[in-house]
Asks: 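Right, I'll just put the structure down here and ask away after.
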Amino acid sequence: MYKLLITEKKNFDLDKFFDDYLESPNIFKDRNALDSSHIPENLPHRYEQIKAIAEITVVTLRNGIPSNLFIYGKTGTGKTAVIKHISKKLTNKCKRINNMACPNWIYINSNRVKSGYRVLATICNRLNPDDPVPPTGLPRDVLLDKLVNRLDENYGNSICFVVLDEIDCLRSKKSKDSILYLLSRINEILKKSKVILVGISNTLNFKDDLDPRVKSSLCEEELVFPAYKADEIYDILKERTKIALHEDIVTEGALRLISAFAARENGDARRALALLRKSAEFVERRNLKKLDVNLIYEAQDQLDSDKIVHFIRDLPIQQKMILIAVYLNQKFDPENSTNTGEIYNTYKELVKQSYNLNCLTRRRMTDLIKELDLAGIFESKVVSFGRKGGRTRVVDLIIEDAQIIKSFEDDSYWSELLQYIPSSVRRTDLNVYDGNLYRRLFE
DNA sequence: GATCCACAGGAAATTAAGGGTC
DNA sequence: GACCCTTAATTTCCTGTGGATC
């Protein structure tokens, strides 16, 4: 018999907690300076790229029309920061010149604004927020007319830079209908103003599949942002530390370690900043005086774990169901990979357990499995097992069971599903006690 | 070398939801 | 209110495929 040990806990004193926080030393000068969206005055190791883009865009100061620009480089290499930095400087310069029409800079993250209609609508709304266009419903040619009118009538002879970040998300099979084709031709319709496209991509081979006309138009000028090296990330962190933290909080060794971690992850400066911020928050919360190296390891683990847990919690319901199907198949047969056929069988059983969920087709399920593969939750590959097994996709879960359990621990519906035993493992030679599986040793 | 398995995955069609226009 | 338009998610249909087995 077990005795339940419950120690009586006092109520959490929120007022005292707030007072303690206010009395503790503030290690941050400007916390936001460690945010990836913060654009500093100085962007170390990007001078060449800044110079190249400045040379392309400077013609706007003499009412010239710059070329379209295509930028590529891996995540966290400063592409967006450099563009935003230049747009700010160029706009400020234009404002200081009399009778100078300032160029418009419209920044769109194509990962959030994915369809052609939405891109046009977003540009329309940024040009004239007082008269928003509907998020859906208008024929595309009507929307295009509205955009052309707003550009020509409201902005006269000025230039409008349209920055399409993560432009890969806008690629369309029907090249003539694609938004990129349309935007690359819009200057042929415009009478007064001009649109300059700035495409930003994380993938080097993005332009290979583009329609040749879009490619020649979009890639008039091209620029590569190389990944940062550890020393370069160190310099970036040093600059930001000066702005963000009080002196003597972070040692050189700590910055070097964070730089090395980030350099290992494709030279991602964004990751380095996140790690520095997390580590500094540990220092603050624990009332410490310095950033210890051990805290960086702890912050690194937590960043990885948090990222996965949040990602799983935000998944659509059907993808959660598929994730649990894979988890259960591997839980009861950890030695072998599971395949789409087995996953689909377990998935169908899980769907039957729920009240309001429709069962997707296998075709759709394979697409969702591929999405989870891309997200780094699964590792899958297509394998042929010949005449008996056919050709199928084998799937392995590459995150830890504990991360899945943690993701669902606050929701009884999902945590109960994690205890489900698929019919494929309810064999005669297996018995289940308390949710654990035992092989029957004798009859 | 032919056959067969169990899908993979492309493409087009369908459905649902949100909205505009007349 | 009927009809038209959009997006996004999903289904349906179909051809293709790798490799063990015949």
Side-chain angles (χ1 to χ4, degrees), chain A residues 108-125 128-150 164 166-183 186 208-211 314-323 325-326 329 333 336-352 354 356-375 377-396 422-424:
Chain A
I108 297 174
N109 188 330
S110 314
N111 196 20
R112 294 197 198 104
V113 183
K114 284 184 177 171
S115 72
Y117 182 100
R118 298 261 154 87
V119 170
L120 293 178
T122 304
I123 302 172
C124 272
N125 291 338
N128 189 357
D130 298 332
D131 180 20
V133 295
T136 175
L138 292 177
R140 194 188 269 205
D141 54 335
V142 173
L143 192 57
L144 186 63
D145 284 345
K146 271 182 185 283
L147 175 59
V148 168
N149 285 339
R150 283 183 188 193
L164 298 169
E166 300 193 51
I167 196 172
D168 325 44
C169 302
L170 293 177
R171 188 161 35 191
S172 162
K173 298 279 176 196
K174 297 173 191 169
S175 57
K176 279 195 173 175
D177 297 337
S178 87
I179 184 65
L180 296 181
Y181 181 79
L182 219 144
L183 285 175
I186 197 168
D208 295 348
D209 298 332
L210 284 176
D211 179 296
D314 290 343
L315 281 174
I317 191 165
Q318 293 283 13
Q319 270 182 314
K320 279 183 183 156
M321 220 40 132
I322 291 165
L323 172 61
V326 174
N329 283 2
D333 190 5
N336 298 303
S337 304
T338 184
N339 64 47
T340 42
E342 293 163 357
I343 297 167
Y344 193 55
N345 288 337
T346 306
Y347 162 77
K348 279 193 290 188
E349 288 177 31
L350 291 173
V351 170
K352 275 187 194 165
S354 65
N356 296 318
L357 196 62
N358 293 328
C359 187
L360 298 176
T361 57
R362 204 191 57 229
R363 176 72 189 83
R364 179 66 187 142
M365 187 196 73
T366 52
D367 279 345
L368 296 181
I369 287 175
K370 277 195 284 180
E371 281 179 23
L372 290 170
D373 182 328
L374 277 173
I377 303 293
F378 298 157
E379 195 170 73
S380 72
K381 59 180 176 186
V382 177
V383 176
S384 180
F385 293 101
R387 197 166 174 165
K388 277 193 175 171
R391 191 165 169 262
T392 185
R393 182 179 284 272
V394 292
V395 180
D396 281 304
S423 62
S424 59

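By convention in this document, chain letters (A, B, ...) are assigned in the order of the sequence lines, proteins followed by strands, and residues within each chain are numbered from 1.
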Asks: Let me know the distance between CZ of A:Arg364 and P of C:dC13, rounded to the nearest Å.
Replies: 18 Å

Asks: Round to the nearest Å and state the distance from A:Glu342 atom CD to B:dA6 atom P.
Replies: 12 Å

Asks: Specify the separation, in whole Å, of atom CG of A:Leu368 and atom P of C:dA9.
Replies: 10 Å

Asks: What closest approach, in Å, do A:Lys320 and A:Leu315 show between heavy atoms, and which atom pair accounts for it?
Replies: CE-O, 3.4 Å

Asks: Starting at CG of A:Leu143, measure out to CG of A:Leu138 and round the result to the nearest 0.5 Å.
Replies: 6.0 Å

Asks: Starting at atom CG of A:Asp145, determine the distance to atom P of C:dC5, rounded to an integer number of angstrom.
Replies: 15 Å

Asks: If you check every side-chain atom of A:Gln318, which of C:dT7, C:dT10, B:dA8 has the closest atom?
Replies: C:dT10

Asks: Between A:Ile369 (CD1) and B:dA8 (P), how many Å, whole number?
Replies: 7 Å

Asks: Output the rounded distance in Å from CD (A:Glu371) to C1' (C:dT10).
Replies: 12 Å

Asks: Rounded to the nearest 0.5 Å, how far apart are CD1 of A:Ile108 and CD1 of A:Ile167?
Replies: 10.5 Å

Asks: Output the single nucleotide from B:dG20, B:dG9, B:dC7 whose closest atom is nearest the side chain of A:Pro134.
Replies: B:dG20

Asks: In whole angstroms, how far is the P atom of B:dC7 from the NZ atom of A:Lys370?
Replies: 15 Å

Asks: In Å and rounded to the nearest 0.5 Å, what is the CD to CG distance from A:Glu371 to A:Leu374?
Replies: 8.0 Å

Asks: Can you measure A:Leu138 atom CG to B:dG18 atom P for me and round it to whole angstrom units?
Replies: 17 Å

Asks: Choose from B:dC7, C:dC5, C:dA9 the nucleotide whose nearest atom is closest to any side-chain atom of A:Asn339.
Replies: B:dC7

Asks: What distance do A:Thr392 atom OG1 and A:Glu342 atom CD have between them, rounded to the nearest 0.5 Å?
Replies: 8.0 Å

Asks: For the side chain of A:Leu360, counting heavy atoms from C-beta on, which of C:dG19, C:dT11, B:dA8 is nearest?
Replies: C:dT11

Asks: Side chain of A:Arg363 only, heavy atoms from C-beta on: which candidate in C:dT12, B:dA8, C:dT6 is closest?
Replies: C:dT12

Asks: Would you say a side-chain N or O of A:Thr392 is under 4.0 Å from OP1 or OP2 of B:dA6?
Replies: no

Asks: A:Tyr117 has a side chain; which of C:dC5, C:dT12, C:dT7 sits nearest to it?
Replies: C:dT7

Asks: Counting heavy atoms from C-beta on, name the nucleotide in B:dC7, C:dG18, C:dT6 closest to the side chain of A:Ser384.
Replies: C:dG18

Asks: Using a 4.0 Å heavy-atom cut-off, does A:Arg393 contact any base of the nucleic acid, only the sugar-phosphate backbone, or nothing at all?
Replies: sugar-phosphate

Asks: Please state whether the phosphate of B:dC4, meaning OP1 or OP2, lies under 4.0 angstrom from any side-chain nitrogen or oxygen of A:Lys388.
Replies: no

Asks: Could you pick out which residue, A:Arg391 or A:Gly386, lies toward the 5' side of DNA chain C when each is mapped onto its nearest nucleotide?
Replies: A:Arg391

Asks: Rounded at 0.5 Å granularity, tell me how far CG in A:Asp367 sits from OG1 in A:Thr361.
Replies: 8.5 Å

Asks: Of the nucleotides C:dG19, B:dG9, C:dG16, which one has an atom closest to the side chain of A:Val382?
Replies: B:dG9

Asks: Just compare B:dA8, C:dA8, C:dA20 and give me whichever is closest to any side-chain atom of A:Arg387.
Replies: C:dA20

